[in-house]
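Along the sequence shown, the residues carry numbers beginning at 1.
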Amino acid sequence: MTDSEVADFVYTDELIDKFECRWGEGFMSPGGAPELAELLRPVKIQSRRVLDFGCGTGGFTSLLVSAHGAGEVVGVDIEPLVLARAERLAVRQGLADRISYHCVSPGPLDFATATFDFVLSIGAIVHHSNQPQLFRDFHRLLRPGGQLVISDWYATEDPFTEEMRRWTSEGEHTFEMASLRQTAGLAREVGFVAIEIRDRNDWFRAETRRDLERLNGSLWDGYVTRFGLDAARFARECSKTFVQLADQGQLRPGYLYARKPQEEP
């Protein structure tokens, strides 16, 4: 997500199918149900109202209800295609009465102040070019005492390697990279308290290797059949890049937890 005008939507059905072939229905990044369970281990969302920012095709959104007992989840994204797939998934899983999806425009979210118990975001904030504004909006949307829970892609604070520079600045996708520590400082600046961070580079290094092994092994023939040899080779090269960036310590997924104070100063 960026604050610039969005002229063309990024995702196509074929691209989403490629992601789901690797990571499962509803998921456009690695980790799935085990990674969500790990992220939510320190918090309790049972019966709570949750905003899922950048919900994508809804795999995590559905799990918030089916596996973790959220009372209501509101998923938001800027792309109608991914939201349509998320809605179909919720219907098939019998969760449509507790999940709603909203297509939003870049910029402040059009929800009432202090209306959510949790704001959760997985892998979406890295796409947002105005993160201070975004964190102010998260703070506004949370009820007093509400919690912010983020899992996202972060960068090292060391100088970028040539591979990291290319990954962040070239190609169809560019990324607004900050370190986990810098992001915690931003959360503090906008008024969040009880901030905790957790680096997940060790998990990421193992996960990238598993992904590459599967692309070279059990997924290869099916991927080639569905998407063609060139697409399979491209996916494998992208996976090799992730392995390299993880080993370099340049690309570092991480968790951030923060709370809105019970009373404003």
CG-CD distance between Asn201 and Gln250, expressed to the nearest 0.5 angstrom:
10.5 Å
Suppose the criterion is ring-ring contact (aromatic ring centres under 6.0 Å, His included): which pairs have a residue in residues 79-115, not counting sequence neighbours?
His102-Phe111, Phe111-Phe116
Should the pair Glu207-Arg210 be classified as a salt bridge under the 4.0 Å nitrogen-to-oxygen rule?
yes
Do the side-chain N and O atoms of Arg252 and Thr156 include a donor-acceptor pair separated by under 3.5 angstrom?
no
Consider salt bridge (Lys or Arg N to Asp or Glu O under 4.0 Å). Of Arg259, Arg143, Arg49, which one does Asp117 pass it with?
Arg143
Looking at Arg85 and Asp17, is there a salt bridge between them, counting it only when a charged N and a carboxylate O are closer than 4.0 Å?
yes
With the threshold set at 4.0 Å, does a side-chain nitrogen-carboxylate oxygen contact exist between Asp247 and Arg209?
yes
Is it the case that the side chains of Gln248 and Glu163 hold a donor-acceptor pair, with the cut-off being a distance below 3.5 Å and no angle test?
yes
Could you please spell out the steps behind the side-chain contact (heavy atoms from CB on, under 4.5 Å) verdict for Leu40 and Leu120?
CA-CA 10 Å; Leu40 295 180; Leu120 178 137; 3.8 Å; yes
Considering residues, nucleotides and ligands other than Arg48, do more than 12 of their heavy atoms fall under 6.0 Å from its CZ?
no
Please work out which of the three classes, parallel, tilted or perpendicular, describes the rings of His128 and Phe53, given edges at 30° and 60°.
tilted
Trp203 ring centre to Arg198 NZ or CZ under 6.0 Å, with the angle to the axis within 45°?
no
Around atom CG of Asp110, are there more than 12 heavy atoms from other residues, nucleotides or ligands closer than 6.0 Å?
no
Is any side-chain heavy atom of Thr168 closer than 4.5 Å to a side-chain heavy atom of Phe160?
yes
